[in-house]
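Presented below is the structure to which this report refers.
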Amino acid sequence: MNIQHFDDDAALSAALATRVLEDIVAGPSLVLGLPTGRTPLGLYRELRERSGGDRVPWSQVRTFNLDEFAGLGASDPQSYRAFMQAELFDHVSIPPAHIGFLDGTAPNLEAECRRYERAIAAAGGIDLQILGIGASGHIGFNEPAERLCARTHVAELEQATRLANAQRFGGDWRKVPERALSMGMATILSARAIVLLATGREKTDAVRGTVEGMITTQLPASLLQLHSRVTVMVDREAWSG
Ligand code: F6R
């Protein structure tokens, strides 16, 4: 794993935005895998600010987000789709048809997961998968467990994960859906390159386990050690606690 150290979230976000924009200019039909959450907010701010006008050719870029809550769709303000529209998609010239997203309101969620895998394959696979990491070591909604799902699946959410998402639901974790749709570990590991972001003290243990620990399904991010092109971008707090 290639570890890149930054003083803080702002420096990390600026560096990753530079990489993403350079990748888009070098290959305009880039396929990006994207996370939601607190960690990528700085990245999306940088991408918005640096993409004004026609400065960046977003028109051929395709994106696939990692996950979505079951029961929520694009029109739900708490959905991850709404988050992405507000933070990025509404501000760059990416065609709506190029935005890949899991639909939490699909009548058959298992079929929706299979559709998503087919859509990623039809786009030629993901070139650059960007990930956040939970304090438990989860990526996407792949939570620590004895067994993990390989492909996009319906996940039961741990209470800790519902708590971590409560802010989007008026601060009440009980309002956070109990299930979500998520790319699986093999979906993530199939990306040609992966960047894992970690900022803040609460991520220190998860980061250490990810880069130095044994590979274990109890710390899903540790499976990233199996991939040959992973960059871990950390700020000082996430590295030193
Ligand atoms: C969200 C996702 C999650 C988050 C993780 C960290 O799409 O994939 O795995 O990356 O929960 O969340 P933050 O960044 O809010 O600490």
Side-chain angles (χ1 to χ4, degrees), residues 6 8-10 12-13 16 32-46 63-70 72 74 76 78-89 99-104 113 116 120 126 128-145 148-149 152-169 171 173 176-177 179-185 187-189 191 194-207 209-210 217 219-224 230-235 237-239:
F6 298 88
D8 54 24
D9 175 65
L12 181 155
S13 300
L16 180 56
L32 281 172
L34 297 174
T36 56
R38 175 187 56 81
T39 315
L41 285 173
L43 167 68
Y44 297 147
R45 185 186 60 243
E46 291 278 340
T63 63
F64 289 94
N65 263 80
L66 278 162
D67 41 21
E68 180 60 284
F69 292 109
L72 300 190
D76 290 292
Q78 293 100 344
S79 68
Y80 281 166
R81 177 61 191 256
F83 170 100
M84 288 303 303
Q85 289 298 141
E87 296 298 330
L88 183 66
F89 299 149
I99 297 170
F101 231 96
L102 284 155
D103 179 3
C113 294
Y116 206 55
I120 294 171
I126 292 171
L128 176 62
Q129 175 68 57
I130 299 169
L131 299 170
I133 181 170
S136 67
H138 72 238
I139 48 178
F141 279 121
N142 298 282
E143 307 260 26
L148 297 175
C149 288
T152 303
H153 60 282
V154 181
E156 306 287 329
L157 302 191
E158 301 284 340
Q159 187 176 329
T161 301
R162 293 174 71 203
L163 274 166
N165 280 277
Q167 204 191 341
R168 294 189 69 69
F169 295 82
W173 69 270
V176 180
R179 297 189 307 156
L181 288 71
S182 175
M183 286 187 193
M185 295 306 303
T187 322
I188 292 168
L189 290 167
I194 297 176
V195 174
L196 178 77
L197 310 176
T199 56
R201 259 184 202 100
E202 70 277 17
K203 304 292 173 69
T204 309
D205 291 347
V207 169
T210 298
T217 59
L219 202 149
S222 68
L223 272 78
L224 296 175
V230 176
T231 303
V232 180
M233 298 176 80
V234 285
D235 73 354
E237 288 189 349
W239 189 252

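Counting convention: from 1, in listed order, for ligands and their atoms alike. All of these numbers come straight from a predicted model, not from anything done at the bench.
Closest to atom 1 (C) of ligand 1, if we only count protein heavy atoms, is Thr36 OG1, 3.2 Å. For atom 16 (O) of ligand 1, the closest non-hydrogen atom of the protein is Lys203 NZ, 2.7 Å. Here the heavy atom of the protein found nearest to atom 15 (O) of ligand 1 is Arg38 N, 2.8 Å. What sits closest to atom 5 (C) of ligand 1 on the protein, heavy atoms only, is His138 NE2, 3.4 Å.
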Residue pair Thr204, Glu237: steps toward the side-chain hydrogen bond (donor to acceptor under 3.5 Å, both in side chains) verdict:
CA-CA 7 Å; Thr204 309; Glu237 288 189 349; over 6 Å; no
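Here's the thing with Gly140: one of its N/O atoms is less than 3.5 angstrom from an N/O atom of ligand 1. At a 3.5 angstrom cut-off on N or O pairs, Thr39 counts as close to ligand 1.
Residue Asp67 touches ligand 1 through its side chain alone, judged by heavy-atom distances below 4.0 Å. If you look at Ile133 next to ligand 1, the close heavy atoms, those under 4.0 Å, all belong to the backbone.
For Glu202, the closest heavy-atom approach to ligand 1 does not fall below 4.0 Å.
Shown in contact with Leu66 at under 4.0 Å from a heavy atom are these atoms of ligand 1, numbered in order with element: 8 (O). Of all atoms in ligand 1, numbered sequentially from 1 with element shown, those under 4.0 Å from a heavy atom of Gly132 are 10 (O).
Atom CG of Asp76 has more than 12 heavy atoms from other residues, nucleotides or ligands within 6.0 Å. Around CD of Gln167, the count of heavy atoms belonging to other residues, nucleotides or ligands within 6.0 Å does not exceed 12.
Taking the six-membered ring where the residue is Trp, Phe141 and Phe69 present tilted rings, their angle falling between 30° and 60°.
Applying the side chain to side chain contact (heavy atoms under 4.5 Å, CB included) test to Asp9 and every residue at least two apart in sequence or in another chain returns Ser13, Thr199.
For the side chain to side chain contact (heavy atoms under 4.5 Å, CB included) criterion with Asn142, the lone passing option out of Ile188, Leu223, Asp67 is Ile188.
Checking Asn165 against Tyr80 by side-chain atom types alone, a donor-acceptor pair falls below 3.5 Å.
In summary, Glu68 and Arg179 do not engage in a salt bridge, as defined by a charged side-chain N under 4.0 Å from a carboxylate O.
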